[in-house]
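See structure below.
Note: hydrogens, waters and symmetry copies are ignored here, and every other heavy atom, side chains too, is used. The first residue of the sequence shown is numbered 1, and numbering continues consecutively from there.
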Amino acid sequence: KWNKYRIECIGSSIRTWVNDIPAASMIDELVPSGFIALQVHSIGKDIPAGKQIMWRNIRIKTQHLKPAPQAGILQVNLIPNQLSDQERKNGVRLLWDGKTSSGWRSANKTSFPDSIWKIHDGILSVQSSGGGEARNGGDIVTKEEFGAFELQFEFRLTDAANSGVK
C-alpha cells in the first residue's frame with residue numbers, strides 16, 4: 001500500500017501530513033531555503049531479496065502558496081519567546097515573556113531573586129553561586145497556580161549543572 005506524505009514550507013512554518021493526517025508543525029527561521037533529498041538507508045544483508053524503497057508522484061508547488069487549514073496539532077516553535085498564530089489558536093500562551101521576571105517569584109519569597117537569576121537576549125539563566133544558589137534565591141516558581149497542562153520549553157545545561165522542573 002502506498003502512503004501519502006505532504007510537506008508544506010511557507011515562510012518560517014514547516015508542516016507535515018501522513019496519509020492526510022496532520023503529523024507535525026514547526027516554526028523555524030534558521031534555514032529559509034535548501035535542497036530536497038530522498039534519504040535511503042541501506043537494506044541489510046539479512047533482508048530477503050526483492051525488498052525495495054520506492055517513491056512516486058513527487059510534485060512541488062513554489063508559487064501562490066497558501067497555508068492549509070490545520071488546528072489542534074502541537075506546533076513546535078523554535079523562535080524564542082514568540083507565539084505563532086497556530087499556537088494561539090491551539091490555546092498556547094507564553095509562561096515567560098523573554099524580557100522580564102513578570103509572573104515569577106522565588107520559591108521561598110514573594111519577590112524574584114534578581115541577584116542570582118539573569119535575563120539576557122531572551123534567555124533566563126541561573127548564575128553559579130559557589131554552591132549557595134539556594135541561599136541566594138534558588139528555585140523560582142510561577143505566581144499563578146496550574147492544574148492540568150501541557151508544558152513546552154527548551155533548556156541547556158553546562159557541565160556539572162544540576163537543574164530540573166518541579
Side-chain angles (χ1 to χ4, degrees), residues 3-39 59-129 133-134 136-159 161-166:
N3 291 292
K4 181 178 168 185
Y5 199 75
R6 179 168 176 237
I7 303 168
E8 179 186 275
C9 298
I10 301 175
S12 59
S13 174
I14 302 169
R15 302 188 305 169
T16 60
W17 290 259
V18 178
N19 296 326
D20 296 320
I21 298 171
S25 181
M26 180 179 76
I27 300 290
D28 183 356
E29 289 184 329
L30 296 178
V31 183
S33 64
F35 295 104
I36 296 171
L38 301 177
Q39 183 178 12
R59 302 171 181 160
I60 191 167
K61 180 178 177 181
T62 59
Q63 296 179 358
H64 311 294
L65 302 174
K66 294 181 183 175
Q70 182 178 345
I73 189 169
L74 171 70
Q75 182 172 71
V76 176
N77 185 343
L78 300 178
I79 302 173
N81 307 311
Q82 292 184 28
L83 292 176
S84 67
D85 290 340
Q86 186 65 44
E87 286 175 304
R88 284 186 193 90
K89 288 177 187 174
N90 288 345
V92 174
R93 68 178 173 104
L94 291 175
L95 193 56
W96 179 57
D97 64 12
K99 299 173 189 167
T100 69
S101 61
S102 178
W104 293 85
R105 65 172 177 82
S106 170
N108 299 314
K109 297 179 181 163
T110 58
S111 61
F112 187 82
D114 291 315
S115 63
I116 191 167
W117 287 86
K118 301 297 175 201
I119 298 169
H120 182 69
D121 289 336
I123 297 170
L124 177 64
S125 59
V126 64
Q127 307 300 302
S128 174
S129 185
E133 288 81 4
N136 293 320
D139 299 342
I140 59 173
V141 298
T142 58
K143 291 180 179 178
E144 184 178 349
E145 291 188 16
F146 298 91
F149 60 85
E150 292 180 17
L151 179 65
Q152 305 170 47
F153 60 93
E154 293 180 59
F155 69 98
R156 183 181 342 179
L157 297 174
T158 58
D159 290 341
N162 180 5
S163 297
V165 175
K166 311 185 214 185

inquiry  = Strictly distance-based, threshold 3.5 Å: is any side-chain N or O of D28 a donor or acceptor partner for the main-chain N or O of L30?
reply    = yes
inquiry  = Tell me if a side-chain donor or acceptor on R15 pairs with a main-chain N or O of P67 at a distance below 3.5 Å.
reply    = no
Distance in Å, [X] [atom1] paired with [Y] [atom2], rounded so as to fall on 0.5 Å steps:
| X | Y | atom1 | atom2 | result |
| --- | --- | --- | --- | --- |
| K66 | I10 | NZ | CD1 | 10.5 Å |
| Q82 | I27 | CD | CD1 | 10.0 Å |
| R88 | L94 | CZ | CG | 8.0 Å |
| W96 | I140 | CH2 | CD1 | 9.0 Å |
| L95 | Q152 | CG | CD | 11.0 Å |
| L83 | N81 | CG | CG | 9.5 Å |

Partner residues of [X] under the side-chain hydrogen bond (donor to acceptor under 3.5 Å, both in side chains) criterion, sequence neighbours left out:
| X | result |
| --- | --- |
| T110 | none |
| K4 | D20 |
| S125 | Q127 |
| E145 | none |

task = May I ask you to test the V165-F155 pair for a side-chain heavy-atom distance under 4.5 Å?
result = no
Closest approach of [X] and [Y], non-hydrogen atoms and distance?
| X | Y | value |
| --- | --- | --- |
| I79 | S12 | CD1-OG, 4.2 Å |
| E87 | N77 | OE1-ND2, 2.8 Å |
| S106 | V141 | O-CG2, 4.1 Å |

inquiry  = Within the supplied structure, the quantity of interest is the number of heavy atoms (other residues, nucleotides, ligands) at a distance under 6.0 Å from I36 CD1; does it exceed 12?
reply    = no
key: Partners meeting side-chain contact (heavy atoms from CB on, under 4.5 Å) with R93 (sequence neighbours left out)   = E144, F146
message = Suppose we screen for salt bridge (Lys or Arg N to Asp or Glu O under 4.0 Å). Which residues come up paired with R6, at least two apart in sequence or across chains?
response = E8
Audit row: L124, W104, side chain to side chain contact (heavy atoms under 4.5 Å, CB included) steps and yes/no = CA-CA 11 Å; L124 177 64; W104 293 85; 5.6 Å; no
